[in-house]
Amino acid sequence: MATLTQNNLDTLKACRYCPMCRQSCPSEFISYRESDAPRGRAILLHSVYQGGKEFDSSTVQAIYNCFLCGACKSWCSGQELGGYDIPELIKFARRDIVSQGLAPQAVKQMKDSLVANDNTANQDKKSSYTASVTEHTAETLYLLGEGVNYTNPEIAEAFIRILENCQIYYTLLKDEPTSGKELDLLGYREEAREKAKSMAGRIKATGCKTIVVSDPLVYDALKNDYPEWGISLKGEVLHVSEYLLKLVCSGKLKLKPTSDKVTLADSEFLGRNNGIYEAPREVIRASAGEHFAEMQWNHEYLQSAGEAAFTFDGILFDRGKELGRKISQKAEDIGAEIIVTLSATAKNNISATTGLKVMDIAEFAAIQMV
Amino acid sequence: MKFTQNSYMFDMILFELQDIAGKEHVSTRTSDKEVYSIDYFWISEMWHDRQAGRDIIRPMADFIVHPANAEEVSKVLKVANNYKIPVTTWGGGSGSQGGALPVFGGIILDTKRMDKIYKIDEKSMTVEVGTGIIHQTLEWELEQKGLSTMHDPASSRCATVGGFIAHRGTGVLSTKYGKIEDMIVNMEVVLPTGEIINTLPVPKTACGPDLNQIFIGSEGTLGVVTKVTLTIHRLPESRKFRAFIFKDLSTGLRVGQRLISENLQPSVIRLYSENETKEVIKKVLGIEKTGAYLVYGFDGKQEMVDLQMKYAKAIADEEEGEDLGTDLGAEWWKNRYKFFFPPYMFHLPQCFGTLDTVATFSNIENVYNAMKDVVETKYPMARFIGHFSHWFPWGAMLYARFIIETPPEDPHEALFLHNSIWNDALRAAMKAGGVLNEHHGIGLKLSRLTPELYGDAWKIVKKLKGALDPNSIMNPGKLGFGV
């Protein structure tokens with residue numbers, strides 16, 4: 001059994017008997033169970049790391065039911081309290097569970113697929129958007145991430161239209177590999193680092209100076225995990241929304257005004273982990289101006305779209321609509337006509353629950369492009 | 001009824017419960033049983049904290065059921081009666097008295113799926129909700145419309161509305177807006193034997209006893225409240241605070257009593273004893289002063305608030321308070337919940353308890369002194385602090401606490417010390433005119449003292465329990481009822 005870091009120990013002690021952030025936790029309100037709330041997870045992990053118990057299968061399930069969205073940490077920080085870091089504690093526990101060979105079957109299958117196929121769902125690489133692209137050297141590299149690459153190629157197509165319209169010379173990675181982020185979140189750090197090294201090598205080979213990323217998980221990996229693991233990237237890493245804002249500010253990208261009421265679904269991994277809140281808003285405002293409206297929950301108090309909601313109760317998580325509906329409901333409440341999203345997961349989970357237009361920031365910009 | 005988890009009878013009962021609520025809404029998982037064995041009661045936490053290397057166990061439920069509505073609750077209770085299985089209702093699990101702990105096993109009835117907002121009536125100024133809703137969630141929705149229940153406890157973030165009803169909860173604005181029992185218009189209740197009843201449409205009638213008041217504060221021993229209509233208010237145009245330091249607690253109490261009796265209608269009065277001012281106010285608000293810290297607040301129309309603030313200040317000035325100003329008053333409001341969150345809240349390995357009680361203005365200072373005296377005299381290892389949070393036309397509530405930095409390591413000895421302090425402090429309070437509790441409830445923690453508090457009147461409560469819950473399945477071991 002692994003030894004807790006001081007940071008994890010502090011979290012364990014503070015959170016095990018404190019239920020004060022529970023209303024923020026999206027997983028608790030999927031199951032309504034106390035074991036799916038931050039306090040419940042801390043109680044269970046206290047029993048393991050301080051109480052001398054072994055991981056049993058239901059505790060393992062509870063640890064994998066966390067969406068790692070960071071809502072609990074945000075709420076704790078927002079109250080000017082400790083900002084105790086449950087997601088870090090959960091990631092630590094998952095690595096420990098993996099090292100003890102106790103990961104649920106669904107998690108193992110996902111890991112095997114990521115290692116073999118560079119995606120979580122055993123999809124044939126030939127079915128990906130990047131299977132047919134030609135890779136070459138370029139100053140700008142566009143990374144799609146699994147969601148865009150396999151299920152939402154329209155997001156990539158929209159962004160590429162913008163790049164070409166702005167006469168940006170770019171490249172993509174043929175058969176784009178995984179960044180390793182999903183592997184790390186599932187508890188497989190060594191495998192994640194191997195994938196990260198491989199990805200870094202592929203990026204280096206393009207000679208790019210700017211790396212533009214659609215997927216918040218990939219962005220988070222490149223920005224935070226890679227440096228922590230000693231993997232350096234020479235290029236500047238930007239999310240698509242940050243890159244679009246640069247294009248808008250430089251005058252290369254001009255957007256038509258819209259009179260539609262537009263709102264934004266913030267991203268948990270872009271926002272809470274990287275503080276990216278304003279760039280997508282500025283891009284939207286460049287077109288929608290005063291027609292941009294905030295939903296009730298925004299910035300660090302965003303509602304999770306389930307960007308890292310991989311499994312629940314030992315099986316693949318298939319209840320993203322329940323998370324999406326909470327967001328679309330709030331958009332409908334303010335009379336929004338368009339919901340702009342920042343990940344393929346968010347787009348899919350939200351669009352399945354509403355008649356409103358739901359589109360990625362790249363699609364929004366492409367539609368409004370002059 | 002006793003059964004083992006590996007028996008087919010266990011599976012037969014499990015099947016019945018799954019048939020009622022749906023398979024995914026009934027859990028027998030070890031992880032769930034573990035988490036539902038701990039609420040905010042110090043002993044349940046301590047027992048969990050000290051488990052390493054010890055042969056101690058926590059009482060755990062056999063089944064955790066998440067019903068969707070009163071009909072499902074009714075069916076669950078009928079099954080429980082058929083097999084004489086204990087049923088313990090669980091809301092947010094944030095109660096400090098052990099009221100939600102399944103001490104005799106059986107069924108945990110988690111109400112949080114009953115979380116719908118059915119109707120916001122801005123004409124009658126009421127809201128109808130399922131009692132499983134987390135109170136903060138309700139407040140956020142009301143806030144969108146410029147409304148609030150004005151029930152504002154620290155536990156708002158984690159407690160259910162049903163939990164407040166179960167133990168007669170209160171909030172920081174209670175001095176103006178009342179406790180939860182003052183906010184209830186009507187309720188839907190599932191009786192222990194499964195009948196679903198509704199109390200009268202409005203509470204202020206001359207149609208006999210108020211049934212609401214039988215179930216409010218009954219802590220899940222007389223039934224399960226599944227739906228409630230609460231009063232709501234418009235958010236105030238203005239809310240202002242002012243803080244003072246008074247030379248001693250007696251002066252602070254006199255100021256509080258005058259703010260009430262001179263009809264200024266404050267929404268908040270909070271008075272801290274000299275030692276709590278020194279310890280807690282310093283830690284949370286950074287104010288280092290000698291004396292008793294008092295903050296008051298008013299809300300409503302701007303001009304009325306200004307006038308109320310003016311008259312209140314005149315009283316404080318007459319009593320020679322050191323004026324800390326409105327900014328330090330507002331600072332208290334901003335930080336009002338911090339006291340109850342880590343790292344500010346007391347925590348293990350400390351042993352601590354909130355000895356809250358209430359008494360008339362004539363008695364309340366004597367109650368404070370009696371409790372302080374017995375704790376400090378008999379338990380020199382304990383600190384005693386207190387503040388006065390909730391004020392009524394006739395008296396005030398004392399939120400007293402004891403804290404022991406290093407209680408015995410042995411959990412049995414720690415429990416004995418903890419309970420001894422509670423017994424001595426509360427017996428001293430009752431002797432001086434106080435009661436066992438004001439807004440946290442009785443639960444398991446104070447169950448043994450409840451018949452003592454009621455005296456001969458306890459027979460009536462016992463008869464009521466026997467009539468409504470003939471098989472004694474509802475939350476056994478709590479509120480003085482035993483099993």
Inset, instruction - Would you indicate whether B/K145, at its atom NZ, is surrounded by more than 12 heavy atoms from other residues, nucleotides or ligands within a distance under 6.0 Å? - result: no
Inset, instruction - Heavy-atom pairs under 4.5 Å with chain B are the metric here; pick the option from A/S57, A/G51, A/G52 that has the most. - result: A/G51
Inset, instruction - Would you check if A/D56 and B/E34 make a side-chain contact, meaning some heavy-atom pair closer than 4.5 Å? - result: no
Legend entry - Approximate separation, where rounding is to 0.5 Å, of B/D32 CG and A/Q61 CD: 9.5 Å
Inset, instruction - Identify the two heavy atoms, one from A/S35 and one from B/R29, that lie closest to each other, and give their separation to 0.1 Å. - result: OG-NH2, 3.8 Å
Inset, instruction - Please report the closest heavy-atom contact between A/M20 and B/F341, naming both atoms and the distance. - result: CB-CE2, 2.9 Å
Inset, instruction - Decide yes or no for B/D49 and A/Y17: does some side-chain heavy atom of the first lie under 4.5 Å from some side-chain heavy atom of the second? - result: yes
Legend entry - Side chains of A/W75 and B/R157 in contact at under 4.5 Å (non-hydrogen atoms): no
Inset, instruction - Kindly assign one of parallel, tilted or perpendicular to the pair B/H48 and A/H46, based on the angle between their ring planes and the thresholds 30° and 60°. - result: tilted
Inset, instruction - Please say whether more than 12 non-hydrogen atoms of neighbouring residues, nucleotides or ligands are located less than 6.0 Å from NZ in A/K321. - result: no
Inset, instruction - Take atom CD of A/E290 as the centre, draw a 6.0 Å sphere, and report whether it contains more than 12 heavy atoms from other residues, nucleotides or ligands. - result: no
Inset, instruction - For A/K13, look at atom NZ and say whether over 12 heavy atoms of other residues, nucleotides or ligands are found less than 6.0 Å away. - result: no
Legend entry - Structural part of A/R16 lying under 4.5 Å from a heavy atom of chain B: side chain
Legend entry - From OG (B/S27) to CD (A/E34), nearest 0.5 Å: 12.0 Å
Legend entry - Closest non-hydrogen atom pair between B/V35 and A/R39, with its separation: O-NH2, 3.3 Å
Inset, instruction - Side chain from CB out, backbone as N, CA, C, O: work out which of these in B/Q144 comes under 4.5 Å of a heavy atom of chain A, or both, or neither. - result: side chain
Inset, instruction - For chain B, find which of A/A14, A/S24, A/S47 contributes the most heavy-atom pairs closer than 4.5 angstrom. - result: A/S47
Inset, instruction - Over all heavy atoms of both residues, which pair between B/I134 and A/R22 is shortest? Give the atoms and the distance, please. - result: CD1-CD, 3.6 Å
Inset, instruction - Give, for atom CG of A/D36 and atom OG of B/S31, the distance between the pair rounded to the nearest 0.5 Å. - result: 8.0 Å
Legend entry - Between CZ on residue A/R33 and NE2 on residue B/H25, distance to nearest 0.5 Å: 10.0 Å
Inset, instruction - Any chance you could measure B/D115, atom CG, to A/Y32, atom OH, to the nearest 0.5 Å? - result: 3.5 Å
Legend entry - Shortest non-hydrogen contact between A/P19 and B/S94, atoms and distance: CG-CB, 4.1 Å
Inset, instruction - Under 4.5 Å, counting heavy-atom pairs only, tell me which of A/Q50, A/K53, A/Q296 racks up the most with chain B. - result: A/Q296
Inset, instruction - Verify the neighbour count for atom CD of A/Q105: are there more than 12 heavy atoms of other residues, nucleotides or ligands below 6.0 Å? - result: yes
Legend entry - Pairwise distance NE2(B/H66) to OG(A/S31) - rounded to 0.5 angstrom: 6.5 Å
Legend entry - chain A contact via B/Q136 - which portion, at a heavy-atom distance below 4.5 Å: side chain
Inset, instruction - Begin with the C-alpha distance, continue with both residues' side-chain angles, and end with the deciding distance and a verdict on salt bridge (charged side-chain N to carboxylate O under 4.0 Å, His left out) for B/E141 and A/K330. - result: CA-CA 11 Å; B/E141 294 311 308; A/K330 293 299 175 190; 2.8 Å; yes
Legend entry - chain A contact via B/W90 - side chain, backbone, both or neither, heavy atoms under 4.5 Å: side chain
Inset, instruction - Give a yes or no on whether B/K23 atom NZ has more than 12 heavy-atom contacts from other residues, nucleotides or ligands under 6.0 Å away. - result: no
Legend entry - Flag if over 12 foreign heavy atoms under 6.0 Å of NZ, A/K73: no
